[in-house]
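This report concerns only the one structure given below.
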Amino acid sequence: MTIDDAFSPDPCAPLDPAAALFHSLSDPTRLSIVKRMAGGEVRVGDLTGELGLAQSTVSAHVACLRDCGLVEGRMQGRSVYYSLSRPELMDMLAQAEVLLAATGNAVSLCPNYGIGSTGTVQTTEVAR
């Protein structure tokens, strides 16, 4: 199903997969992992050194990306080498960079998700 697909009683239902995809990439560590994997296969141990994070933290982020179908692992001896399972992901991220360049600081200044935000959306109903 695509974002433009059929209407449903719940107008957000068709967006659920897209929202899950963007949520899986919403963490800066996961985004760093994806960008690193764009350069080729990598082991969790390599990522821990490059990112300066604990093995358990990196493993959890890689597992998230794997569970979302964005990353796959290949066993070689006792090591698992991870890589992107969908090269289209890098095309999407390249387009995101184009959009970010076009909007300037608007996204980073967003009160809901920008730099310094709490990450929780505040909704208020407007009285008519």
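From a predicted model like this one, the values you see are computed outputs, not experimental measurements. Residue indices begin at 1 and follow the sequence shown.
Applying the side chain to side chain contact (heavy atoms under 4.5 Å, CB included) criterion to Leu31, with sequence neighbours excluded, gives Leu25, Leu93. In this structure, Arg78 has no side-chain hydrogen bond (donor to acceptor under 3.5 Å, both in side chains) partners at least two apart in sequence or on a different chain.
In this structure, Ser32 and Leu51 approach most closely via the heavy-atom pair CB-CD2, 3.9 Å. Here the closest non-hydrogen pair linking Ser85 and Gly69 is OG-O, 2.5 Å. Counting all heavy atoms, side chain and backbone alike, Ser83 lies closest to Glu41 at CB-CG, 3.9 Å.
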Practice prompt. For the pair Gln55 and Leu47, evaluate side chain to side chain contact (heavy atoms under 4.5 Å, CB included) and give the outcome as yes or no after the intermediate values.
Written response: CA-CA 8 Å; Gln55 182 272 331; Leu47 288 169; over 6 Å; no
Item to complete: Go through the steps for Val42 and Ile33 under the test side chain to side chain contact (heavy atoms under 4.5 Å, CB included), then give the verdict.
Response: CA-CA 9 Å; Val42 65; Ile33 291 169; 5.8 Å; no
Item to complete: Give the C-alpha distance, both sets of side-chain angles, the deciding distance and a yes or no for side chain to side chain contact (heavy atoms under 4.5 Å, CB included) between Tyr82 and Arg36.
Response: CA-CA 10 Å; Tyr82 291 97; Arg36 169 56 180 83; over 6 Å; no
Worksheet entry | CA sep, side-chain torsions, deciding dist, call: Leu84, Leu65, side chain to side chain contact (heavy atoms under 4.5 Å, CB included) | CA-CA 9 Å; Leu84 298 179; Leu65 294 167; over 6 Å; no
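The OG atom of Ser24 lies 8.0 Å from the CG atom of Leu89; values are rounded to the nearest 0.5 Å. Met92 CE to Leu99 CG: the interatomic distance, rounded to the nearest 0.5 Å, is 11.5 Å.
At least one donor-acceptor pair under 3.5 Å links the side chain of Ser26 to the backbone N or O of His23. Here the side chain of Thr48 pairs no donor or acceptor atom with the backbone of Leu53 at under 3.5 angstrom.
For residues 60-70, every residue pair satisfying the side chain to side chain donor-acceptor pair (under 3.5 Å) rule, not counting sequence neighbours, is listed here: Arg30-His61.
Under a hydrophobic-cluster definition in which Ile, Leu, Val, Met, Phe, Trp and Tyr are linked whenever side-chain heavy atoms come within less than 4.5 Å, directly or via other members, Val34 and Tyr81 are assigned to different clusters. By the rule that hydrophobic residues join a cluster once side-chain heavy atoms approach within less than 4.5 Å of another member, Val44 and Met75 end up as members of one cluster.
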